[in-house]
A.B. asks: 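Structure in structure tokens, see below.
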Protein chains: 2
Amino acid sequence: MCEQNFCYRYPHPAVTADCVIFGFDGVSIRVLLIQRGIEPFKGRWAFPGGFMKINETAEECARRELEEETGLKNTAVEQFHTFSDINRDPRERVITVAHYALVRLSEVKGGDDAASAHWFAMDEVPSLAFDHDLILRVAVNRLKERICFEPIGFELLPEVFTMTELQNLYEAILEVKFDRRNFYNKMLKLGILTEAEPRPANASRRTPTKYRFNDGKYAELKQKGFRLEF
Amino acid sequence: MCEQNFCYRYPHPAVTADCVIFGFDGVSIRVLLIQRGIEPFKGRWAFPGGFMKINETAEECARRELEEETGLKNTAVEQFHTFSDINRDPRERVITVAHYALVRLSEVKGGDDAASAHWFAMDEVPSLAFDHDLILRVAVNRLKERICFEPIGFELLPEVFTMTELQNLYEAILEVKFDRRNFYNKMLKLGILTEAEPRPANASRRTPTKYRFNDGKYAELKQKGFRLEF
DNA sequence: AATTTTTAGTGTAAAAATTACGCAAACAAT
DNA sequence: ATTGTTTGCGTAATTTTTACACTAAAAATT
């Protein structure tokens with residue numbers, strides 16, 4: 001029998017933090033899941049996450065669990081909703097502060113930790129543990145809203161990318177199609193892209209221009225109150 | 001000495017729900033605060049809120065506490081952020097799921113419950129208990145974002161209102177000034193306003209047209225994917 | 001080797017949305 | 001009586017958004 005050393009005058013729920021990690025494979029948005037090794041929901045897929053320690057914030061917890069379970073270090077996570085349905089965990093009353101982050105697929109090394117981690121395309125995601133199906137739906141909605149106002153999409157691309165890759169990303173997230181020329185014009189007019197290398201003189205038409213995201217320009221524009229929109 | 005009947009193997013934080021309630025007095029945005037009757041922060045002002053019961057969700061808790069402390073019944077609250085800093089409550093580790101709602105000033109009756117409740121104009125809000133100053137800042141930002149995309153503002157006005165009152169509301173929330181004619185045109189073009197009563201024939205110029213918010217039209221437009229913006 | 005398909009780059013005209021702006025009548029305050 | 005504030009109303013100029021076609025190079029197919 002285990003000791004139950006932490007006693008309170010009133011019942012306390014347990015608190016967890018979960019992480020919805022989005023990636024991009026060039027065509028589809030993917031989400032990073034881990035396969036549960038223990039009950040409940042043993043064998044089912046779920047988001048990385050776990051119980052909050054008494055001396056860490058929800059965000060610190062999310063980042064710690066993420067590293068422990070997938071090897072991802074120093075990931076900027078952002079909380080998006082707290083789920084508190086009464087029976088969402090069969091063990092005891094658990095509320096979870098759900099976070100999301102955007103990560104390049106390449107950042108997840110296939111180490112020990114990440115043994116059971118896998119990137120699922122959005123249309124291949126199986127039925128998840130706990131209420132994680134619901135959490136995913138909410139996260140996707142939040143991602144769509146967010147990408148319209150902040151250039152978070154760049155966190156999903158390699159440092160240097162082509163305009164077509166960027167367009168594919170936006171189309172994958174928003175599930176719409178853009179006219180290529182209008183997308184080019186709009187993106188370039190925003191002024192947050194820099195050509196990665198001067199286009200060589202001998203560049204053929206077929207060789208696309210490479211861009212990188214210009215943090216400095218973005219910070220500058222943001223301060224003046226600027227709006228990214230699609 | 002009190003009994004400590006609820007024991008766990010690991011430490012559990014306490015969980016509360018707090019409510020940032022916004023109102024509008026015709027000129028300024030106001031926020032509903034209650035004066036704390038007990039320690040900690042006895043005598044200081046704070047948001048209505050309190051400890052979550054083990055068999056209620058965070059939202060249910062927010063609504064229950066709101067009614068208990070201010071008499072406001074059946075208020076549609078929406079969670080906007082969970083605050084989990086380690087020392088935000090001197091008693092024990094407490095995380096709070098913060099909610100906000102928009103309410104007409106008139107809905108708060110001066111009953112027993114609300115004895116210590118008071119509507120503060122935003123520029124008169126005193127230094128608050130706990131981390132409620134921070135919570136308020138976050139709530140105001142969220143309100144500004146939200147008002148741009150959903151017509152939540154109407155929840156703050158009487159059922160029937162003039163265009164000028166509506167403009168004052170938007171200007172108070174967003175802290176900007178609009179051109180009166182452009183605001184009129186934009187609002188009317190959205191199609192979510194109905195004239196409350198046909199303007200009497202003898203109406204003088206000086207008698208403003210009264211409008212009401214048209215829920216049906218709004219639901220219709222929303223379904224087609226429509227965007228309210230300012 | 002020839003043919004077909006795919007991709008990248010580029011610009012403009014039309015339509016729609018946004019902005020700036022003035023006036024006359026009614027009422028209120030002085 | 002005078003002054004200042006409030007309401008209703010509409011248009012012209014500007015800006016933004018949208019729709020849309022061709023060429024050359026490379027890759028894939030035959």
Side-chain angles (χ1 to χ4, degrees), chain A residues 24-28 147-149 151 157-158 160-172 174-212 221 224-230, chain B residues 25-27 147-149 151 157-158 160-172 174-212 221 224-230:
Chain A
F24 180 60
D25 64 11
V27 176
S28 302
I147 193 98
C148 285
F149 295 103
L157 291 173
V160 165
F161 50 85
T162 68
M163 194 60 88
T164 303
E165 289 168 329
L166 183 62
Q167 182 173 352
N168 288 341
L169 170 62
Y170 272 86
E171 291 181 343
L174 296 173
E175 301 182 272
V176 296
K177 289 285 172 191
F178 295 109
D179 176 87
R180 188 164 54 90
R181 283 159 298 184
N182 290 342
F183 186 87
Y184 267 54
N185 291 336
K186 190 161 203 167
M187 263 298 168
L188 291 177
K189 200 169 49 168
L190 285 175
I192 56 178
L193 297 185
T194 317
E195 287 199 17
E197 319 132 29
R199 212 179 154 68
N202 62 342
S204 75
R205 284 232 164 161
R206 195 65 190 276
T207 310
T209 310
K210 305 252 186 181
Y211 297 93
R212 64 177 75 236
L221 286 170
K224 295 196 224 167
F226 122 104
R227 241 162 118 180
L228 184 66
E229 263 185 65
F230 292 92
Chain B
D25 64 11
V27 176
I147 194 97
C148 286
F149 295 103
L157 291 173
V160 165
F161 49 85
T162 68
M163 195 61 89
T164 303
E165 288 169 330
L166 183 61
Q167 181 173 353
N168 287 342
L169 171 61
Y170 272 87
E171 291 181 345
L174 296 173
E175 300 182 274
V176 296
K177 289 285 173 192
F178 296 110
D179 176 87
R180 186 167 55 91
R181 288 155 295 183
N182 291 340
F183 186 87
Y184 268 53
N185 291 336
K186 190 160 203 168
M187 264 297 168
L188 291 177
K189 201 168 47 167
L190 285 176
I192 54 177
L193 297 185
T194 316
E195 287 199 18
E197 320 133 28
R199 211 179 155 69
N202 63 342
S204 74
R205 285 230 163 161
R206 195 66 189 277
T207 310
T209 310
K210 305 251 185 182
Y211 297 93
R212 65 177 76 236
L221 287 170
K224 296 196 222 166
F226 123 105
R227 240 162 120 180
L228 185 67
E229 263 185 66
F230 292 91

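Fair warning: this is a prediction, and the values are worked out from it, not measured in the lab.
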A.B. asks: Does any residue of residues 160-172 of chain B have a heavy atom under 4.0 Å from DNA chain D, and if so, which ones, in number order?
C.D. replies: T164(B)
A.B. asks: Taking only residues two or more places apart in sequence or in another chain, which ones pass salt bridge (charged side-chain N to carboxylate O under 4.0 Å, His left out) with R180(A)?
C.D. replies: none
A.B. asks: Partners of T194(A) by side chain to side chain donor-acceptor pair (under 3.5 Å), sequence neighbours excluded?
C.D. replies: N214(A)
A.B. asks: Can you name the residues that form a side chain to side chain donor-acceptor pair (under 3.5 Å) with E175(B), not counting sequence neighbours?
C.D. replies: K144(B)
A.B. asks: Rounded to whole Å, how long is the line connecting atom NZ of K177(B) with atom P of dA20(C)?
C.D. replies: 16 Å
A.B. asks: Tell me every residue that passes side chain to side chain donor-acceptor pair (under 3.5 Å) with D25(B), counting only those two or more places apart in sequence or in another chain.
C.D. replies: R30(B)
A.B. asks: For the rings on F230(B) and Y170(B), is their centre-to-centre separation under 6.0 Å?
C.D. replies: yes
A.B. asks: Round to the nearest Å and state the distance from F178(B) atom CZ to dT18(C) atom P.
C.D. replies: 12 Å
A.B. asks: How would you summarise protein contacts on nucleotides 16-23 of chain D per nucleotide, using B for base, S for sugar-phosphate only and - for none, with heavy-atom distances below 4.0 Å?
C.D. replies: --BBBB-B
A.B. asks: For the pair made of OH in Y211(B) and P in dT7(D), what is the distance, rounded to whole Å?
C.D. replies: 11 Å
A.B. asks: Please determine whether a side-chain nitrogen or oxygen atom of T209(B) lies at a distance below 4.0 Å from atom OP1 or OP2 of dT7(D).
C.D. replies: no
A.B. asks: Give the rounded distance in Å between these two atoms: CZ of R206(A) and P of dT7(C).
C.D. replies: 7 Å
A.B. asks: Between dG8(D) atom C1' and K210(B) atom NZ, what is the distance in whole Å?
C.D. replies: 16 Å
A.B. asks: Quickly work out the F183(B) CZ to dG8(D) C1' distance and round it to whole Å.
C.D. replies: 16 Å
A.B. asks: How would you list, by chain and number, every residue that makes a ring pair (Phe, Tyr, Trp, His ring centres under 6.0 Å) with F161(B), sequence neighbours excluded?
C.D. replies: F154(B)
A.B. asks: When the distance from CE of M187(B) to C1' of dC9(D) is rounded to whole Å, what number comes out?
C.D. replies: 19 Å
A.B. asks: Who pairs with K189(A) by salt bridge (charged side-chain N to carboxylate O under 4.0 Å, His left out), at least two apart in sequence or on another chain?
C.D. replies: none
A.B. asks: Using only side-chain N and O atoms of Y184(A), determine if any of them is under 4.0 Å from OP1 or OP2 of dG9(C).
C.D. replies: yes
A.B. asks: Mind checking what makes side chain to side chain contact (heavy atoms under 4.5 Å, CB included) contact with L221(A), not counting sequence neighbours?
C.D. replies: I192(A), F226(A)
A.B. asks: Applying side chain to side chain contact (heavy atoms under 4.5 Å, CB included), name anything that partners T162(A), two or more places apart in sequence or on another chain.
C.D. replies: T164(A), E165(A), P208(A), K210(A)
A.B. asks: For R212(A), what residues pass the side chain to side chain donor-acceptor pair (under 3.5 Å) criterion, not counting sequence neighbours?
C.D. replies: E159(A)
A.B. asks: Please check: side-chain N/O of E195(B) versus main-chain N/O of T209(B), any donor-acceptor pairing under 3.5 Å?
C.D. replies: no
A.B. asks: If an axis is fit to five pairs at each end of the helix from dA1(C)-dT30(D) to dT30(C)-dA1(D), what is the angle between the two, to the nearest 10°?
C.D. replies: 30°
